[in-house]
> 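Handing you a structure now.
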Number of protein chains: 2
Amino acid sequence: MLTEERRQHILAQIQAAGKVQAAHLAAHFGVSRMTIHRDLAYLHARGWARKVFGGAVAMETESVEPAAGAPAGGCAMCGARLRQRTAFVLQCADGARLHACCPHCGLMLLAGRGDVVSALAADFLHGRMINVRDAAFLVGPELSLCCAPTILCFASRAEGERFRQGFGGDLLDHLQAQASLQQSMALHP
Amino acid sequence: MLTEERRQHILAQIQAAGKVQAAHLAAHFGVSRMTIHRDLAYLHARGWARKVFGGAVAMETESVEPAAGAPAGGCAMCGARLRQRTAFVLQCADGARLHACCPHCGLMLLAGRGDVVSALAADFLHGRMINVRDAAFLVGPELSLCCAPTILCFASRAEGERFRQGFGGDLLDHLQAQASLQQSMALHP
DNA sequence: CCATAATATAACAAATTGTAACACATCTAT
DNA sequence: ATAGATGTGTTACAATTTGTTATATTATGG
């Protein structure tokens, strides 16, 4: 069994049951206690689970504050709760506004609609809303925030590049990011 | 059952019923009374419940979210507007809560007061409120957010280290960060 | 007020779990 | 081929959790 495969199984179990015990996992997968601890550390470092004494528990996502003045319906793409730090707003030709939970969903929406006249996204570092046209997007950093693959938005390309040095990923403009996203999400590659 | 899991169950029961009795919990979970007392002390130290003779009761206000509480007065240190992405909350022995605008002010407050029983800070990447004792602080990165020098809070030391790779600064625990801060802020070095 | 029962706390030992360091194997890219 | 990165297991040691015991502290009914 591949390492990544085992880790995904562990993560699935955490999300299904809310918790896992390290000793059980070691016996179940037939690996050493140390290997399981490394798996849990891996999940913990990416924010996918929380390591506790004896195992790991699911991340509690409720403590993230919803965006101020957010519409009740949640993300227009996936329905998830709207978050201020990853806010994404599309302005449509008919005056309607669509809110997305994160740049991932926002760019998906943008790609799928022809009636969007402008789009704003929250700069991940400073929180200011900026024009998507002028933003730099970091696609696929090793950081789990909302939808996967993670996409972060930066007002300054230089700051995005600094972030990339630590977390990896590709720094793209909004058109490139859309293309990359559509390719990675395609069901029939 | 994991220790953390039992403590979360106890906390849920406190929040649902308003109170719990130590003797009942010991019988319910099949552990000694001493273990339950330690669990209640744990919840008390984090400001999640209040320990009373015979058990514990819910905190006066349910939420520890700074935005949910009244941020009326601004930062307790500098008076600046409170920001959710850099939230910092100090829980005092008398039940009062102090809100700081960022870890800079939060750690300054923490250093200057002896009656703080616990402190929470918002993880800069994920936005979750975490215990300051377990957090990693990045002191002096090349990024201006609130007070200078900038201090960022990370739930995971690994993520803090990644951030440091791009933005520089020193990754410290809360005690080291306090010491560093006091030194850099001293008027007469 | 005092006696008594219930609860809280401190200190210790035992068991379990976490972590660091090292050796070794496998895979990858130049 | 070879150097580097990654994953794994073993070992030794540190840290956490837990129960027990003994000793405070608190509540309550005379």
Side-chain angles (χ1 to χ4, degrees), chain A residues 1-11 13-14 17-46 48-58 140-142 164-169, chain B residues 1-11 13-14 17 19-46 48-57 93 117-118 130-136 154-162 165 171 173-176:
Chain A
M1 171 179 261
L2 296 173
T3 301
E4 186 62 25
E5 194 183 355
R6 185 184 60 241
R7 290 176 176 171
Q8 291 309 314
H9 280 158
I10 294 175
L11 178 57
Q13 195 170 333
I14 291 174
K19 56 134 187 172
V20 290
Q21 290 187 233
H24 287 181
L25 292 174
H28 181 260
F29 290 108
V31 297
S32 74
R33 213 158 46 90
M34 194 62 219
T35 296
I36 293 298
H37 280 294
R38 283 190 266 244
D39 289 341
L40 298 183
Y42 172 92
L43 298 175
H44 181 90
R46 279 160 184 73
W48 298 345
R50 191 159 60 90
K51 217 162 169 300
V52 299
F53 193 88
V57 297
E142 292 179 26
R164 198 187 64 75
Q165 284 175 33
F167 292 88
Chain B
M1 171 178 262
L2 297 171
T3 302
E4 182 67 21
E5 193 185 356
R6 186 184 61 241
R7 290 174 176 170
Q8 292 307 315
H9 280 157
I10 293 174
L11 177 58
Q13 196 169 332
I14 292 173
K19 68 179 169 79
V20 290
Q21 293 193 28
H24 286 181
L25 292 174
H28 181 260
F29 290 107
V31 297
S32 74
R33 272 191 312 136
M34 192 63 218
T35 297
I36 294 298
H37 281 295
R38 284 189 267 242
D39 289 341
L40 298 183
Y42 171 94
L43 297 175
H44 182 90
R46 279 162 180 70
W48 298 344
R50 196 156 55 86
K51 213 162 173 301
V52 298
F53 194 86
V57 297
V117 294
S118 67
I130 59 173
N131 193 319
V132 162
R133 209 191 55 187
D134 306 325
F154 296 90
S156 147
R157 190 173 182 88
E159 289 184 339
E161 175 55 34
R162 293 186 152 202
Q165 283 176 33
L171 197 61
D173 67 30
H174 77 288
L175 292 176
Q176 295 169 323

> Using side-chain contact (heavy atoms from CB on, under 4.5 Å), reason through B:Arg6 and B:Thr35 one step at a time and then give a plain yes or no.
CA-CA 10 Å; B:Arg6 186 184 61 241; B:Thr35 297; 3.3 Å; yes
> Whole angstrom is fine here: how far is it from CD in A:Glu4 over to P in D:dA5?
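To the nearest whole Å, that distance equals 20 Å.
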> Between D:dT18 atom P and B:Leu2 atom CG, what is the distance in whole Å?
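Between P of D:dT18 and CG of B:Leu2: 10 Å.
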> Calculate the interatomic distance between B:Glu5 atom CD and D:dT17 atom C1'; express it in whole Å.
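Value for this atom pair: 15 Å.
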> Measuring to OP1 and OP2 of C:dT19, would you say a side-chain N or O of B:Arg157 lies under 4.0 angstrom away?
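For C:dT19, OP1/OP2 do not have a side-chain N/O of B:Arg157 under 4.0 Å.
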> Take atom CZ of B:Arg133 and atom C1' of D:dA15, then tell me their distance rounded to the nearest Å.
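Checked: the CZ to C1' distance equals 12 Å.
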> A:Lys51 side chain N/O closer than 4.0 Å to the phosphate oxygens (OP1, OP2) of D:dT16?
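Answer is no, no contact under 4.0 Å.
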> I'd like to know if B:Arg33 reaches the base of D:dG19 with its side chain such that a donor and an acceptor end up less than 3.5 angstrom apart.
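A donor-acceptor contact between them is absent.
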> Identify, with sequence neighbours excluded, every residue that meets side chain to side chain contact (heavy atoms under 4.5 Å, CB included) alongside B:Glu5.
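Result, side chain to side chain contact (heavy atoms under 4.5 Å, CB included) vs B:Glu5: A:Lys19, B:Met1, B:Leu2, B:His9.
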> Using whole Å, what does the distance between atom P of nucleotide C:dT7 and atom NZ of B:Lys19 come to?
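My rounded result for the distance is 13 Å.
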> Do B:Ile10 and B:Phe29 make a side-chain contact, defined as non-hydrogen atoms from C-beta onward lying under 4.5 Å apart?
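The answer is yes; the side chains approach within 4.5 Å.
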> For nucleotides 22-30 of chain D, give me one character per nucleotide, 5' to 3': B if any protein heavy atom sits under 4.0 Å from the base, S if the only such contacts are to the sugar-phosphate, - if neither.
----SS---
> Round to the nearest Å and state the distance from A:Met34 atom CE to C:dC24 atom P.
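Answer to the nearest Å: 18 Å.
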> Would you say A:Thr3 reaches D:dT6's phosphate, i.e. side-chain N/O to OP1/OP2 under 4.0 Å?
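Checking D:dT6 against A:Thr3, no side-chain N or O comes under 4.0 Å of OP1 or OP2.
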> Expected output is a numbered-order residue list: members of residues 20-30 of chain A with a heavy atom under 4.0 Å from any atom of DNA chain D. What is it?
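Heavy-atom contacts with DNA chain D come from no residue of residues 20-30 of chain A; none.
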> Distance check needed: D:dT10 C1' versus A:Arg38 CZ, whole Å only.
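In whole Å, D:dT10 C1' lies 10 Å from A:Arg38 CZ.
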> Please name the pair of heavy atoms, one in A:Arg50 and one in A:His44, separated by the smallest distance, quoted to 0.1 Å.
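Of all heavy-atom pairs spanning A:Arg50 and A:His44, the closest is CA-ND1, 3.6 Å.
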> Can you name the closest pair of heavy atoms from B:Leu40 and B:Ala22 and give their distance?
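For B:Leu40 versus B:Ala22, the nearest heavy atoms are CD1-CB, 4.4 Å.
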> What closest approach, in Å, do A:Tyr42 and A:Arg7 show between heavy atoms, and which atom pair accounts for it?
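Closest approach of A:Tyr42 to A:Arg7: CD1-NH1, 3.1 Å.
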> Taking the side chain as every heavy atom from C-beta outward, state whether B:Gln13 and B:Leu25 have any atom pair closer than 4.5 Å.
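B:Gln13 reaches B:Leu25 side chain to side chain.
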> Which heavy-atom pair separates A:Gly166 from B:Gln165 by the least distance, and what is that distance?
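Shortest heavy-atom separation between A:Gly166 and B:Gln165 comes out as CA-OE1, 3.7 Å.
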> Using atom CD1 of B:Ile36 as one end and atom P of D:dG19 as the other, report the distance to the nearest whole Å.
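Spelled out: CD1 on B:Ile36 to P on D:dG19 is 9 Å.
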> Less than 4.0 angstrom between a side-chain N/O of A:Arg6 and OP1 or OP2 of D:dT8, yes or no?
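The answer is yes; a side-chain N or O of A:Arg6 sits under 4.0 Å from OP1 or OP2.
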> Hey, does the side chain of A:Thr35 come within less than 4.0 Å of D:dG9's phosphate (OP1/OP2), counting only N and O?
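For D:dG9, OP1 or OP2 has a side-chain N or O of A:Thr35 closer than 4.0 Å.
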> Which heavy-atom pair separates B:Ala56 from B:Ile14 by the least distance, and what is that distance?
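Where B:Ala56 meets B:Ile14 most closely, the heavy atoms are CB-CD1, 4.0 Å.
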